[in-house]
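Take a look at the structure below.
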Amino acid sequence: MIQTFTKLCLTLFALSILCQAQPPAGLPPVPETKQAQPTPTPQEEVGEGDVVRISANLISVPVTVLNRQGQYVVDLQQGNFKIFEDDVPQSIAHFSNVDRPFSVVLLIDTSSSTAPFLDQIKVSAKVFVEQLRSLDKVRPVYFHGEIKSLTRTATNDVSVLRDAIDQMEAGSGDLGTRLYDAVDFSLNALRPEQTRKAVILFTDGENTWGKATMKATLAAAEESEVIFYTLQYGALPAQKYLQQLADRTGGRYFKAGDISLIRQSFVTVADELRRQYLIGYYPGEHRQDGKERMIKVKVDRKNVTVRARRSYTSGRP
């Protein structure tokens, strides 16, 4: 009798445990409780001097500010700037001040049409690399019907760069000029760099063949964080492509007809790269329609000229 009673008690206890583990009939099971994960914030305010983790959606705008005498204005802070997209004010998510190191692709056309200028260009290129500081880097590349990088990566070793520049050779007339492919190569070469990025392009502006196109390279340059300084030499009329590369990326276009102008152009570019501001903002999430968005930068300082990237195309990776 005692054994029977004991078995009955154990059975009832087991049934009570089972009932607690199962939901009543007709009701859905209780979902498993998971620890809530923090939602990442796509737009974080970043102060001057902070380390910036660049989001794919951040629009970066290099800005140069000059006074009436053509001197660089270098004492501005984030509060001095306002940035607009299609005339709509935007919140500045990233701001960096002047005097930052840079990585440059020195992209030089050595096709047969530019051969008479090659020695002058080499001298001017050496003047440029001799201005490098310890954290500045340059990768010399020349092109005609082929594209040849003279170093595997960008370097700040001036002696290596001088020797590399001396190795540039003129191409024969039957090789043609792959200008657009060379621009595409330089954009890919600079993509991994984390410093301020620029391309200094010396060419007469002619493209005779290649896979890349004018439209595609202009769009890629516009979407990159690379500033283009285009220096056209030779007797050809000013090339719209070179002007647009500079205009769309916040750089500058030069028409250099002789050695003194070529050399001065190099000096000007090195000087300007060290005196630029970089502003970043996040556009609205709805801007994925593939349209060109116009950018305007203003500063609260009188009698100055502001030069900045002018646009980007929304929805493009």
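We use all heavy atoms of the structure for the numbers below, so side chains are in, but hydrogens, waters and symmetry mates are not.
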Do the rings of Tyr241 and Tyr180 sit parallel, tilted or perpendicular, given the 30° and 60° boundaries? perpendicular

Within one Ile-Leu-Val-Met-Phe-Trp-Tyr cluster: Leu150 and Val160, side-chain cutoff 4.5 Å: no

Can you pull out every salt bridge (Lys or Arg N to Asp or Glu O under 4.0 Å) where at least one residue sits in residues 173-187? Sequence neighbours excluded, please. Arg178-Asp181

Pair Glu85-Tyr312, side-chain donor/acceptor within less than 3.5 Å: yes

Within the structure provided, determine whether His94 and Ser60 are in side-chain contact (heavy-atom separation under 4.5 Å). no

Could you go step by step and tell me if Phe95 and Val63 meet the side chain to side chain contact (heavy atoms under 4.5 Å, CB included) rule? CA-CA 11 Å; Phe95 175 83; Val63 182; over 6 Å; no

Measure from the side-chain N and O atoms of Asp204 to the backbone N and O of Tyr233, and report whether any donor-acceptor pair falls under 3.5 Å. no

Any side-chain heavy atom of Leu132 within less than 4.5 Å of one from Leu161? yes

Got more than 12 heavy atoms from elsewhere within 6.0 Å of NZ, Lys296? no

Does Leu231 belong to the same Ile/Leu/Val/Met/Phe/Trp/Tyr cluster as Phe128, with side-chain heavy atoms less than 4.5 Å apart forming each link? yes

Compare all side-chain heavy atoms of Val183 with those of Val199 and state whether any distance is below 4.5 angstrom. no

Please collect all salt bridge (Lys or Arg N to Asp or Glu O under 4.0 Å) contacts where either partner lies in residues 153-166, sequence neighbours excluded, each pair once. Lys126-Asp166, Glu130-Arg162

Do the side chains of Ser111 and Glu206 get nearer than 4.5 Å, heavy atoms only? no

Which residues share a ring pair (Phe, Tyr, Trp, His ring centres under 6.0 Å) with Tyr253, sequence neighbours left out: none

Gln243 and Asp247: side-chain donor and acceptor closer than 3.5 Å? no

Between CG of Leu118 and CZ of Phe202, what distance do you get to the nearest 0.5 Å? 11.5 Å

Is Ile147 reachable from Leu179 through a run of hydrophobic residues whose side-chain heavy atoms are each under 4.5 Å from the next? yes

What distance separates Arg196 CZ from Ile227 CD1, expressed to the nearest 0.5 Å? 6.5 Å

Cluster companions of Leu278 among Ile, Leu, Val, Met, Phe, Trp, Tyr (side-chain spacing under 4.5 Å): none

Does Tyr277 belong to the same Ile/Leu/Val/Met/Phe/Trp/Tyr cluster as Phe228, with side-chain heavy atoms less than 4.5 Å apart forming each link? no

So, for Gln194 and Arg100, which heavy atoms are closest and what is the spacing to 0.1 Å? O-NH2, 4.4 Å

Has the side chain of Arg307 got a donor or acceptor atom that lies under 3.5 Å from a matching backbone atom of Gly251? yes

Measure the CD-CD distance between Gln239 and Gln244 for me, rounded to the nearest 0.5 Å. 11.0 Å

Determine whether Tyr281 and Ile92 make a side-chain contact, defined as any pair of heavy atoms from C-beta on separated by less than 4.5 Å. no

As an exercise, state the distance from CD1 of Ile295 to CD1 of Ile279, rounded to the nearest 0.5 Å. 10.5 Å

Passes side chain to side chain contact (heavy atoms under 4.5 Å, CB included), Gln90 versus Ile59? Steps please. CA-CA 11 Å; Gln90 304 294 315; Ile59 306 301; over 6 Å; no

I'd like to know if Lys148 and Glu169 make a salt bridge, using a cut-off of under 4.0 Å between side-chain N and carboxylate O. no

So CG of Asp271 and CD of Gln131: to nearest 0.5 Å the spacing works out to 8.0 Å

So do the side chains of Phe117 and Asp109 get within less than 4.5 Å of each other, counting heavy atoms only? no

Measure across Ala170 and His144 and return the closest heavy-atom pair with its distance rounded to 0.1 Å. C-CD2, 4.2 Å

Just to verify, what does Thr64 make a side chain to side chain donor-acceptor pair (under 3.5 Å) with, not counting sequence neighbours? Gln276

Does the side chain of Asn80 pick up a donor-acceptor pair with the side chain of Asp300 at under 3.5 Å? yes

Under the side chain to side chain contact (heavy atoms under 4.5 Å, CB included) criterion, do Gln78 and Asn97 qualify, and how do the steps go? CA-CA 8 Å; Gln78 179 171 328; Asn97 212 330; over 6 Å; no

Heavy-atom closest pair, residues Ala189 and Val105: CB-CG2, 4.3 Å

Any donor-acceptor N or O pair under 3.5 Å, side chains Tyr229, Glu272: yes

Distance-only donor-acceptor check, side chains Glu292 and Ser311, under 3.5 Å: yes

Considering only heavy atoms from C-beta outward, does the side chain of Arg301 approach that of Asp75 to under 4.5 Å? yes

Heavy-atom check, side chain of Tyr72 versus side chain of Leu66, under 4.5 Å: yes

Closest non-hydrogen atom pair, Lys137 against Ala154: CB-CB, 3.7 Å

For Phe254, what residues pass the ring pair (Phe, Tyr, Trp, His ring centres under 6.0 Å) criterion, not counting sequence neighbours? none

I'd like to know if the side chain of Asn156 and the backbone of Ser134 have a donor-acceptor N/O pair within less than 3.5 Å. yes

Out of curiosity, does Met214 fall in the hydrophobic cluster containing Leu107 (side-chain heavy atoms, cut-off under 4.5 Å, transitive links)? yes

Return the OG1 to CG distance between Thr230 and Leu245, rounded to the nearest 0.5 Å. 6.5 Å

Least distance between heavy atoms, Phe102 atom then Thr195 atom: C-OG1, 3.8 Å

Just by distance, do the side chain of Arg252 and the backbone of Val269 share a donor-acceptor pair under 3.5 Å? no

Looking only at non-hydrogen atoms, find the nearest pair between Met168 and Lys122 and report the distance. O-NZ, 3.0 Å

